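See structure below.
Please read these numbers as outputs of a predicted model, since none were measured by experiment. Order of the sequence lines fixes the chain letters, A, B, ..., with proteins taken first and strands second; residue numbering starts at 1 for each chain.
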Amino acid sequence: MLLADIAAASEAVAAASARRDKIALLAACLRQASGTDAPVVAAWLSGRTFQRRTGLGWASLRSAPPPAVSPSLTVQMVDASLARASLLTGPGSSGERQQIVLELMTAATAPEQRLLTGLISGELRQGAAAGLIVDAVAKAAAVPLASVRRALAVHGDLPDVAAAALEGGEAALSAFQLSVGRALAPMLAAPAPELDAALAKTGPAGVEWKLDGVRVQIHRQGDEVAVFTRTLDDITARVPEVVRVVRELDVGQAILDGEVIAATASGRPAPFQVTSARVARRDVEKASAATPLSLTLFDALHVDGDDLIDRPGSGRRTRLEAAAPSLVVPRHVVEDPSEAEDVSRAQAFAADALARGHEGVVVKSLEAAYTMGRRGAGWVKVKPRITLDLVVLAAEWGHGRRTGKLSNLHLGARDPDGEYGPPGGFVMLGKTFKGLTDQMLAWQTERLQALAEREAKWVVHVRPELVVEIAFDGVQRSPRYPAGLALRFARVLAHRPDKSAAEADTITTVRGHHVVDDEAAAEAEETEQV
DNA sequence: TTCCGACAGTGGGGTCGCAAT
DNA sequence: ATTGCGACCCCACTATCGGAA
């Protein structure tokens with residue numbers, strides 16, 4: 001099969017707007033992909049390379065040669081090149097990788113170049129990704145959608161599942177079974193603004209602490225333990241504490257779901273940044289000694305021969321408590337969400353979780369099965385939200401459907417005392433593009449252009465006059481912004497043309513929302529004593 | 001007919017290790 | 001020693017389609 005066939009399909013998919021049209025186009029392309037091509041084509045149509053990591057990215061695409069006139073690249077040739085790039089390492093590897101991209105792009109026609117650029121950058125943006133490919137695979141292989149979904153949920157790898165479906169149909173799909181040691185798509189939680197809204201969605205539920213760490217799925221088979229992240233990355237080697245504590249459990253086989261978080265001396269949870277840095281480190285011995293990890297579990301998908309994914313939440317919890325009594329996350333059960341007292345007790349439990357430094361709570365239906373990879377109504381997360389009035393300092397031109405619109409806003413707080421510049425100025429705390437409707441996007445594009453002071457390639461700097469009401473989850477330490485602080489998950493709630501910049505919040509107010517972790521506090525104390 | 005679940009898109013901050021400078 | 005880059009951690013939110021109610 002030729003790369004040009006995939007490129008043509010991708011262009012057609014991008015041009016179609018109806019989902020069923022996209023699916024039909026994808027299915028037609030998949031049907032043509034036989035044998036060794038099938039898994040690669042499935043990966044590409046979902047916007048990803050077959051290799052999990054290639055070492056290639058935006059930077060390798062900066063100097064594109066003129067496109068070839070006629071197509072010559074085959075699927076196998078391109079996949080072999082990407083595979084070669086993914087294996088390169090050591091001095092000179094960057095140059096060799098660059099050379100591979102150059103060769104591919106030189107041989108590629110214009111549509112093929114667009115496809116390769118999308119795959120290498122990871123931003124194909126054709127209006128179809130893994131979700132629609134699942135539908136397309138079912139259609140192409142003439143098997144029920146549910147069979148493909150189930151196989152993918154327990155196997156986790158789309159190219160494998162697609163190839164099996166196309167080659168062997170339903171029989172091949174049914175061979176994919178939940179198996180200990182093989183990562184499966186974790187269940188996700190939908191957001192809700194308040195606890196009662198969450199309970200309205202779930203019905204009778206367990207309200208659990210939401211820990212601000214890294215999600216882990218742990219497989220134990222005898223003495224063998226494997227640990228996977230939310231994206232099914234294997235991090236076993238980086239979390240020896242987790243391996244150790246799971247080995248001590250009194251179970252032979254298990255698949256467990258939980259969260260790791262860095263422990264602090266005070267017993268309060270470490271900020272996410274600390275946990276994240278610890279889990280990313282490869283010098284495990286040193287890292288583990290300096291920043292030990294603790295494990296908290298909240299679900300069990302398999303215990304000693306029993307698959308639990310189709311059992312109700314309450315049943316899974318019971319099995320978890322029996323298998324790992326010391327590691328189970330604290331929770332409060334609401335038997336009847338229509339009972340006001342029951343709900344207010346849950347609210348007290350949630351308030352206590354926050355007081356202990358946790359991120360919020362997750363409300364989990366007692367009835368719901370473990371819906372792998374879905375963000376269903378079974379689990380609902382509730383986190384507190386902070387709002388401030390900040391000032392727009394600049395805005396960036398958007399991409400894709402936001403082309404021609406000023407999208408990404410640079411946000412600043414007032415700096416009345418001139419700690420970071422002239423008195424009465426502003427100090428930048430981060431950017432956001434979230435929360436904007438098309439109407440708001442149009443309005444701010446016009447308004448900000450009227451305030452424009454100077455324009456660089458992507459950024460329009462403006463007179464600091466437009467106030468925006470911003471919601472965010474918290475203030476974190478920043479190595480990037482001048483105040484050493486940045487907003488976490490900032491989003492726009494509303495433009496406030498009724499307010500003047502002089503009424504915006506100050507950097508002092510922002511600092512008040514910064515929860516300082518133990519280590520940072522100790523460090524600050526040390527430098528003060530010196 | 002209206003409502004709502006699932007998807008894709010549009011990007012955010014931080015951190016690490018590695019290769020290039 | 002510093003810088004740039006890729007790969008992952010954590011994400012929120014809106015628009016759209018199409019099936020469910």
Side-chain angles (χ1 to χ4, degrees), chain A residues 13-14 16-23 46-47 52-60 62 86 88-98 120-135 149 188 190-191 201 211-216 229-233 235 238 259-260 271-283 287 359 371 373-377 381 383 385 396 398-403 405 407-411 429-441 471-481 485-493:
Chain A
V13 167
S17 71
R19 284 217 243 280
R20 57 170 81 92
D21 293 345
K22 287 178 187 284
I23 291 167
S46 75
R52 192 181 174 102
R53 60 183 79 177
T54 58
L56 301 169
W58 276 113
S60 60
R62 273 199 289 242
S86 75
L88 288 170
T89 176
S93 59
S94 292
E96 286 182 63
R97 254 193 227 102
Q98 186 65 61
I120 289 171
S121 67
E123 296 184 359
L124 187 56
R125 302 201 198 292
Q126 60 177 3
L132 290 202
I133 306 304
V134 170
D135 285 68
R149 282 211 174 129
L188 306 172
K201 282 191 184 181
L211 304 177
D212 193 8
V214 171
R215 180 84 177 267
V216 285
T229 64
R230 198 165 86 77
T231 52
L232 312 188
D233 218 33
I235 55 163
R238 282 181 267 158
E259 191 96 358
V260 289
F272 172 74
Q273 284 164 301
V274 173
T275 300
S276 174
R278 161 66 173 88
V279 171
R281 281 177 65 173
R282 312 282 164 147
D283 56 336
E359 202 186 0
T371 47
R374 317 296 289 269
R375 212 178 277 282
K381 58 182 166 183
K383 297 192 280 185
R385 198 182 77 167
E396 296 174 15
H399 299 82
R401 70 185 303 280
R402 291 192 176 188
T403 300
K405 297 284 190 298
S407 170
N408 200 3
L409 302 177
H410 295 200
L411 306 170
L429 290 166
K431 310 178 190 179
T432 186
F433 56 91
K434 292 175 181 145
L436 298 162
T437 63
D438 288 358
Q439 207 177 359
M440 290 164 81
L441 221 40
F472 56 99
D473 279 22
V475 174
Q476 58 188 358
R477 207 152 53 148
S478 170
R480 178 183 320 211
Y481 292 109
L485 297 174
L487 306 180
R488 192 170 182 207
F489 309 143
R491 59 266 193 192
V492 178
L493 291 182

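Using modelled atom types, one side-chain atom of A:Lys22 and one backbone atom of A:Val13 make a donor-acceptor pair closer than 3.5 Å. Checking side-chain atoms of A:Gln98 against main-chain N and O of A:Ser60 turns up a donor-acceptor pair under 3.5 Å. In this structure a side-chain-to-backbone donor-acceptor pair under 3.5 Å is missing from A:Arg488 to A:Asp473. In terms of modelled atom types and a separation under 3.5 Å, the side chain of A:Arg491 and the main chain of A:Phe489 share a donor-acceptor contact. The closest donor-acceptor contact from the side chain of A:Glu259 to the backbone of A:Gly213 lies under 3.5 Å. A:Lys405 contributes no side-chain N or O that, together with a main-chain N or O of A:Asp438, makes up a donor-acceptor pair within less than 3.5 Å. Not a single donor-acceptor pair under 3.5 Å links the side chain of A:Arg477 to the backbone N or O of A:Gln273. Proximity of a side-chain donor or acceptor of A:Ser93 to a complementary backbone N or O of A:Leu88 within less than 3.5 Å is not detected.
In this structure, the nucleotide among C:dC8, C:dC17, B:dG11 sitting nearest to the side chain of A:Arg53 is C:dC8. In this structure, of B:dG12, C:dA15, C:dC9, it is C:dC9 that holds the atom nearest to the side chain of A:Ile235. Residue A:Ala18 has its side chain nearest to C:dG18 when only C:dC11, C:dC9, C:dG18 are considered.
Rounded to whole Å, the distance from NZ on A:Lys405 to C1' on B:dG11 is 17 Å. What separates CG of A:Asp233 from C1' of C:dC10 is a distance of 14 Å, to the nearest Å. Here C:dC8 presents its P atom at 12 Å from CG of A:Leu232, a figure rounded to the nearest Å. Across the protein-nucleic acid pair, A:Leu124 atom CG and B:dC7 atom C1' stand 15 Å apart, rounded to whole Å. Counting to the nearest Å, the P atom of C:dC10 and the CZ atom of A:Arg215 are 9 Å from each other. We find that NZ of A:Lys381 is positioned 10 Å from P of C:dC10, with the value rounded to whole Å. Across the protein-nucleic acid pair, A:Arg488 atom CZ and B:dG13 atom P stand 13 Å apart, rounded to whole Å. The nearest whole Å value for the distance from the CZ atom in A:Phe489 to the P atom in B:dG11 is 18 Å.
Between A:Val492 and A:Arg52, the residue anchored nearer the 5' end of DNA chain C, judged by the nucleotide with its closest heavy atom, is A:Arg52. Mapping A:Glu396 and A:Ala129 onto DNA chain B by nearest heavy atom places A:Ala129 closer to the 5' end of the strand. Both A:Arg230 and A:Asp438 lie near DNA chain C, and the one whose nearest nucleotide falls closer to the 5' end is A:Arg230. Both A:Lys431 and A:Ala128 lie near DNA chain B, and the one whose nearest nucleotide falls closer to the 5' end is A:Ala128.
For the pair A:Lys22 and B:dA8, the criterion of a side-chain N or O lying under 4.0 Å from OP1 or OP2 is not met. The phosphate of C:dA7 (OP1 or OP2) has a side-chain N or O of A:Thr54 nearer than 4.0 angstrom. Within the 4.0 Å cut-off from OP1 or OP2 of B:dG11, at least one side-chain nitrogen or oxygen of A:His399 is found. OP1 or OP2 of B:dT10 has at least one side-chain nitrogen or oxygen of A:Arg125 nearer than 4.0 Å. Taking 4.0 angstrom as the limit, A:Asn408 places none of its side-chain polar atoms (N or O) nearer than this to OP1 or OP2 of B:dT10.
Contact annotation for A:Ala486: backbone-only contact, meaning every heavy-atom pair under 4.0 Å involves sugar-phosphate atoms and none involves a base. Residue-level contact check: A:Lys201 touches neither bases nor backbone, having no heavy atom under 4.0 Å from any strand. A:Gln126 comes within 4.0 angstrom of sugar-phosphate atoms only, judged by non-hydrogen atoms across all strands, and of no base. Nucleic acid contact for A:Arg19: base, since at least one base atom lies under 4.0 Å from a heavy atom of the residue. Using a 4.0 Å heavy-atom cutoff across all strands shown, A:Lys383 reaches sugar-phosphate atoms only and no base atom. Here A:Ala130 lies in heavy-atom contact (under 4.0 Å) with sugar-phosphate atoms only. Residue contacts for A:Val279: at a heavy-atom cut-off of 4.0 Å it reaches no nucleic acid atom on any strand shown. Counting any heavy atom pair closer than 4.0 Å across all strands shown, A:Ser60 reaches sugar-phosphate atoms only and no base atom.
Residues A:Trp58 and A:Glu123 are in side-chain contact: their nearest non-hydrogen atoms beyond the backbone lie under 4.5 Å apart.
Across all strands shown, B:dG17 pairs with C:dC5; the Watson-Crick or G-U wobble distances both stay below 3.5 Å.
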Protein heavy-atom contacts under 4.0 Å, written 5' to 3' over nucleotides 15-21 of chain B as B (base), S (sugar-phosphate only) or - (none), form the string SSS-SS-
